[in-house]
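Reading through the structure tokens given below for one structure.
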Amino acid sequence: MRYRRIMMATVAIVLVVGAAGVLTGFRRQAVAGTTGGIDPAAFTNPVANPYFPLTVGTVLHYQGSDDGQRFQERLTITHWTKKIQGVTTTVLLDVLRRADDNTIAEKTWDWYADDNAGNAWYFGEKTATYTRTGNVISRDGSWRAGLHGAVAGTIMPANPHPTDAYRQEFLAGHAEDQAWIVQRTAHVGVPHRHLDHVVRSFEWTRLEPGVLSLKFYARGLGIVLERDVAGGSEIFRLVSVTHV
């Protein structure tokens, strides 16, 4: 869960209604097993997902704004791992800073893993939002697959196509993000560079009715652009990629 939340107008609700129909019979990416629907044997020879790569040492730098406030974001794919439900996940560190004084607005540890078919899975996050003086004001949105009924979800299918719809995370009442692929041939220009054959998706949660996000995923990079569809002011773009 990010510090910034996405708002939309009534016009976007039509898209959500359409997606809801798709979700009633979506192509499940779930891997059957005895550990909360996860089979660790399906993650023994992981295949890298091209649209959500987990290349250790990669650092993605974003800039954006929301509700008149500017932010800088640094997403690091760390060398750390965490075993969850018998699966070795890769740990990502996502730090969001206020651009005006460089104070941390939110810090999140995310846990992802690729399965043997190349689907990228989301196993949870530990997140906290901060005041300008460094005090934690909320840990809402934190969850971990296998605890308190939380279930891992698909963050990106191995071969995404329009009409693919899936649950990205689930902890009832806390983490219920869903996604719907609508295009895989988009063209996007961001400060990093111009990108072709980009996957475009709508993403939303039942916990915030009428809220919709538009995200763009590029091969070899992951998320390169996200913005409000309507009713809000958020927009974040990939500025640069470095390696540590």
Are [X] and [Y] connected, step by step, through hydrophobic side chains (Ile, Leu, Val, Met, Phe, Trp, Tyr) whose heavy atoms are closer than 4.5 Å?
X      : Y      : result
Ile77  : Val244 : no
Val239 : Leu93  : no
Val59  : Leu96  : no

Check the pair Glu125 / Trp111 against side chain to side chain donor-acceptor pair (under 3.5 Å), numbers first and verdict last. CA-CA 6 Å; Glu125 63 180 86; Trp111 309 307; over 6 Å; no

Side chain to side chain, [X] and [Y], heavy atoms closer than 4.5 Å:
X      : Y      : value
Thr163 : Ile181 : no
Phe216 : Val199 : no
Trp180 : Ser201 : no
Leu54  : Asp114 : yes
Glu203 : Gln168 : yes
Arg237 : Val188 : no
Gln178 : Thr205 : no
Trp143 : His148 : no

Taking atom [atom1] of [X] and atom [atom2] of [Y], what is their separation to the nearest 0.5 Å?
X      : Y      : atom1 : atom2 : value
Gln72  : Phe236 : CD    : CZ    : 9.5 Å
Asp115 : Thr44  : CG    : OG1   : 10.0 Å
Leu75  : Ile223 : CG    : CD1   : 8.0 Å
Leu225 : Leu214 : CG    : CG    : 7.0 Å
Arg139 : Thr108 : CZ    : OG1   : 10.5 Å
Ser213 : Trp204 : OG    : CH2   : 11.0 Å

Short question: side chain of [X], backbone of [Y] - any donor-acceptor pair under 3.5 Å?
X      : Y      : result
Arg184 : Pro160 : yes
Ser138 : Asp140 : yes
Arg167 : Thr154 : no
Thr129 : Glu106 : no
Thr131 : Asn135 : yes
Asn49  : Pro157 : yes

Within 45 degrees of the axis of the six-membered ring of Trp109 and under 6.0 Å from its centre: does Lys126 put its NZ or CZ there?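 No cation-pi geometry.
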
How far apart are the closest heavy atoms of [X] and [Y], and which atoms are they?
X      : Y      : result
Asn45  : Asn116 : N-OD1, 2.8 Å
Ile137 : Tyr130 : CG1-N, 4.2 Å
Pro191 : Leu238 : CD-O, 3.4 Å
Asn159 : Asp164 : O-OD2, 3.9 Å
Val56  : His79  : CG1-CA, 3.6 Å
Pro40  : Gln85  : CG-O, 3.4 Å

Ignoring hydrogens and geometry beyond distance, is a side-chain donor-acceptor pair present between [X] and [Y] at under 3.5 Å?
X      : Y      : result
Arg70  : Ser65  : no
Arg219 : His197 : no
Thr78  : Thr76  : no

Worked verdict on Phe123 versus Lys82 for side-chain contact (heavy atoms from CB on, under 4.5 Å): CA-CA 10 Å; Phe123 280 79; Lys82 184 177 182 67; over 6 Å; no

Can you tell me which residue among Trp80, Phe52, Trp121 is in a ring-ring contact (aromatic ring centres under 6.0 Å, His included) with Tyr112? Phe52

Stepwise, does the side-chain contact (heavy atoms from CB on, under 4.5 Å) test hold for Asp67 with Gln69? CA-CA 6 Å; Asp67 197 24; Gln69 186 170 6; 5.9 Å; no

Only one of Asp177, Asp110, Thr89 passes side chain to side chain donor-acceptor pair (under 3.5 Å) with Tyr122; say which it is.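 Only one of Asp177, Asp110, Thr89 forms a side chain to side chain donor-acceptor pair (under 3.5 Å) with Tyr122, namely Asp110.
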
Evaluate the criterion side-chain contact (heavy atoms from CB on, under 4.5 Å) for residue pair Thr88 and Thr81; output intermediate values, then yes/no. CA-CA 6 Å; Thr88 300; Thr81 61; 3.7 Å; yes

What do you reckon, is CZ of Arg200 surrounded by more than 12 foreign heavy atoms closer than 6.0 Å? yes

Between Asp101 and Arg132, does any NZ, NE, NH1 or NH2 come within less than 4.0 Å of an OD or OE carboxylate oxygen? yes

Is the His194 ring parallel, tilted or perpendicular to the His187 ring (thresholds 30°, 60°)?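 The rings of His194 and His187 lie parallel, inter-plane angle below 30°.
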
Let's go through Phe71 and Asp66 carefully: what are the C-alpha distance in whole Å and the side-chain angles of both, what is the deciding distance for side-chain contact (heavy atoms from CB on, under 4.5 Å) to 0.1 Å, and is it a yes or a no? CA-CA 8 Å; Phe71 295 95; Asp66 185 26; 4.2 Å; yes

